[in-house]
Amino acid sequence: MADINATNAGQFKFSDQFTVNRLGFGTMQLTGKGVWGPYADPDRAIAVIHRAIDLGVNFFDTADSYGPWYADRYLAAGLKGAANRDQLFISDKVGQTRQGPGLWVPLGAPHYLRQQVEVSLMTLGIDHEDLLFLHRVDSHYSIAEQVGELQKMKDEGKIRHIGLSQVTLDQVKEAQKYAHIDAIENMYNVADHHDDPLVDYAEDQHMAFVPWFPLNTGKLTGSDSPLEGIAQKYNVSPAQIALAWLLKRSPNILPIPGTSSLDHLADNIAAANVQLSDEDFDALSHLSK
Ligand SMILES: NC(=O)c1ccc[n+]([C@@H]2O[C@H](COP(=O)([O-])OP(=O)(O)OC[C@H]3O[C@@H](n4cnc5c(N)ncnc54)[C@H](OP(=O)(O)O)[C@@H]3O)[C@@H](O)[C@H]2O)c1
């Protein structure tokens with residue numbers, strides 16, 4: 001059986017040579033219901049991070065709004081003391097406030113974005129953000145104000161790379177006037193890839209494209225998945241087909257499937273070993289609504 005390791009997914013190199021394995025991990029499942037409160041079994045949450053490291057994951061997507069703060073605490077605990085800690089990277093996000101389960105209200109006030117970065121550096125136990133996304137553009141503030149504040153913090157050494165989350169192509173182009181944009185994180189998966197033009201733009205501009213909901217929140221997994229037929233043909237799980245499609249779609253795509261299950265984690269990382277034929281890739285590409 002092929003080795004299960006995220007390095008098998010290949011690597012993405014940012015323009016300054018910062019390099020990550022293309023199959024990462026998203027921490028949002030390591031919280032309570034509605035992405036609110038602690039995860040029911042904190043030891044397991046930390047065990048999932050440890051196993052991800054063992055499986056070669058070196059790109060962890062998180063945000064203070066997950067919990068809030070709980071996912072960051074588990075991530076910090078899981079990364080702490082890792083033998084290869086200096087080769088493990090975090091992508092973080094600012095610009096969201098939380099009021100309860102399922103409630104998210106963007107806030108792009110520059111002083112709040114700065115506060116979030118400062119508090120996240122403490123929570124995560126790091127001295128700079130490897131990659132920091134503006135989680136949402138807040139229409140109450142200009143893009144110049146929001147991205148400009150991130151650029152100031154980059155100039156101060158608190159942030160290495162700046163990204164934008166859930167944005168339009170026009171917003172990306174506007175933001176590029178105020179900062180070098182290294183990454184986009186938008187909802188994108190084999191069943192919903194209406195953001196194809198953004199993926200193409202990211203590839204053209206040498207930005208990473210981090211698709212959130214890569215498994216369509218789990219709807220692409222399981223025996224009732226629309227990917228079940230092709231999964232049987234390859235003798236793999238539907239989740240692996242969903243991730244293999246993303247990895248083949250563009251060399252700039254860095255999927256970050258989320259799970260609180262050790263078995264699902266290994267299943268997802270094994271997707272790095274699945275090579276879809278061009279014919280099957282094209283057939284799957286027509287699934288999107
Ligand atoms: N930028 C943004 O606005 C934004 C928004 C949403 C999410 N995100 C990021 O994207 C990451 C991924 O999104 P997500 O976790 O919400 O959704 P997802 O990765 O599309 O799906 C996660 C769901 O699939 C299940 N699952 C995972 N692997 C599985 C497998 N191999 N077999 C069967 N079920 C499996 C999980 O349940 P189990 O726990 O039982 O495995 C969970 O219910 C998040 O963790 C977060 O970091 C970013």
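Counting starts at 1 for both ligands and their atoms, following the listed order. The first residue of the sequence shown is numbered 1, and numbering continues consecutively from there.
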Enquirer: Answer yes or no: does an N/O atom from Lys93 fall short of 3.5 Å to an N/O atom of ligand 1?
Expert: no
Enquirer: Can you list the residues that meet the ring-ring contact (aromatic ring centres under 6.0 Å, His included) rule with His161, with sequence neighbours excluded?
Expert: Phe14, Phe18
Enquirer: What atoms in ligand 1 come closer than 4.0 Å to a heavy atom of Thr221?
Expert: 32 (N), 33 (C), 34 (N), 35 (C)
Enquirer: When rounded to the nearest 0.5 angstrom, what is the spacing between CG in Leu287 and CG in Leu227?
Expert: 6.0 Å
Enquirer: Does Asn8 have any side chain to side chain donor-acceptor pair (under 3.5 Å) partners at least two apart in sequence or in another chain, and if so, which?
Expert: Asn273
Enquirer: For ligand 1, which atoms sit closer than 4.0 Å to a heavy atom of Thr259?
Expert: 27 (C), 38 (P), 39 (O), 41 (O)
Enquirer: If you draw a 6.0 Å radius around CD in Gln99, do more than 12 non-hydrogen atoms from other residues or ligands fall strictly inside?
Expert: yes
Enquirer: Indicate whether any N or O donor in one side chain lies under 3.5 Å from an N or O acceptor in the other, for Ser285 and Trp245.
Expert: yes
Enquirer: Distance under 4.0 Å to a non-hydrogen atom of His135: what atoms of ligand 1 satisfy this?
Expert: 1 (N), 2 (C), 3 (O)
Enquirer: Does the side chain of Arg160 reach to within under 4.5 Å of the side chain of His128, using non-hydrogen atoms?
Expert: yes
Enquirer: Report yes if Ala239 has an N/O atom closer than 3.5 Å to an N/O atom of ligand 1; otherwise report no.
Expert: no
Enquirer: Give yes if a backbone or side-chain nitrogen or oxygen of Pro257 is under 3.5 Å from a nitrogen or oxygen of ligand 1, and no if not.
Expert: no
Enquirer: In Å and rounded to the nearest 0.5 Å, what is the CD to CG distance from Gln11 to Leu254?
Expert: 10.5 Å
Enquirer: Can you list the ligand 1 atoms lying under 4.0 Å from a non-hydrogen atom of Met28?
Expert: 6 (C), 7 (C), 16 (O), 44 (C), 45 (O), 46 (C)
Enquirer: As a test of understanding, state which of Lys154, Arg114, Lys158 forms a salt bridge (charged side-chain N to carboxylate O under 4.0 Å, His left out) with Glu149.
Expert: Arg114
Enquirer: Answer yes or no for Ser237: is there a heavy-atom contact with ligand 1 below 4.0 Å?
Expert: no
Enquirer: Just jot down the ligand 1 atoms closer than 4.0 angstrom to any heavy atom of Asp267, in number order.
Expert: 30 (C), 31 (N)
Enquirer: Among all protein heavy atoms, pick the one closest to atom 28 (N) of ligand 1 and tell me residue, atom and distance.
Expert: Asn268 ND2, 3.0 Å
Enquirer: Tell me the protein heavy atom at minimum distance from atom 24 (O) of ligand 1, and give that distance in Å.
Expert: Gly218 CA, 3.3 Å
Enquirer: Flag Gly222 as yes when one of its N or O atoms lies below 3.5 Å from any N or O atom of ligand 1, and as no otherwise.
Expert: no
Enquirer: Which heavy atom of the protein is the closest neighbour of atom 11 (C) of ligand 1, given with residue, atom name and distance?
Expert: Ile256 O, 3.3 Å
Enquirer: Among all the protein's non-hydrogen atoms, which is closest to atom 17 (O) of ligand 1, and how far away is it?
Expert: Phe213 CD2, 3.6 Å
Enquirer: Can you tell me how far CZ of Phe209 sits from CG of Asp195, rounded to the nearest 0.5 angstrom?
Expert: 5.5 Å
Enquirer: Among all the protein's non-hydrogen atoms, which is closest to atom 40 (O) of ligand 1, and how far away is it?
Expert: His264 ND1, 3.6 Å
Enquirer: If you count the atoms of ligand 1 from 1 in the order shown, which ones are under 4.0 Å from a heavy atom of Asp61?
Expert: 9 (C), 46 (C), 47 (O)
Enquirer: If we ignore angles and hydrogens, is there a donor and acceptor under 3.5 Å between the side chains of Lys173 and Tyr201?
Expert: no
Enquirer: Going by distance alone, is a donor N or O of one side chain under 3.5 Å from an acceptor N or O of the other, for Asn5 and Thr7?
Expert: yes
Enquirer: Note the single closest protein heavy atom to atom 14 (P) of ligand 1, along with its residue, its atom name and the distance in Å.
Expert: Gln29 NE2, 3.5 Å
Enquirer: For the 3.5 Å polar cut-off, considering only N or O atoms, please tell me whether Ser261 and ligand 1 meet it.
Expert: no
Enquirer: Pick, from Ala63, Ala271, Gly258, Ala266, the option with the minimum heavy-atom distance to atom 19 (O) of ligand 1.
Expert: Gly258
Enquirer: Please answer whether the main-chain N or O of Pro68 pairs with a side-chain N or O of Ser65 as donor and acceptor at a distance below 3.5 Å.
Expert: no
Enquirer: Ignoring hydrogens and geometry beyond distance, is a side-chain donor-acceptor pair present between Asp267 and Gln240 at under 3.5 Å?
Expert: yes
Enquirer: Decide whether an N or O pair under 3.5 Å exists between Thr62 and ligand 1.
Expert: no
Enquirer: For atom 1 (N) of ligand 1, what's the nearest protein heavy-atom neighbour? Residue, atom name and distance, please.
Expert: Ser165 OG, 2.9 Å
Enquirer: Tell me yes or no: between the side chains of Glu228 and Ser225, is some donor less than 3.5 Å from an acceptor?
Expert: no
Enquirer: Taking only heavy atoms of Arg136 into account, list the atoms of ligand 1 that are under 4.0 Å away from them.
Expert: 2 (C), 3 (O)
Enquirer: Would you give the length of the straight line joining atom CD of Gln176 to atom CD1 of Ile181, rounded to the nearest 0.5 angstrom?
Expert: 6.5 Å
Enquirer: Could you identify the single nearest non-hydrogen protein atom to atom 20 (O) of ligand 1 and state the distance to 0.1 Å?
Expert: Leu215 N, 2.8 Å
Enquirer: Just going by heavy-atom distances, which of Phe25, Tyr66, Trp212 is nearest to atom 46 (C) of ligand 1?
Expert: Tyr66
Enquirer: Which atoms of ligand 1 sit under 4.0 Å from any heavy atom of Thr27?
Expert: 45 (O), 47 (O)
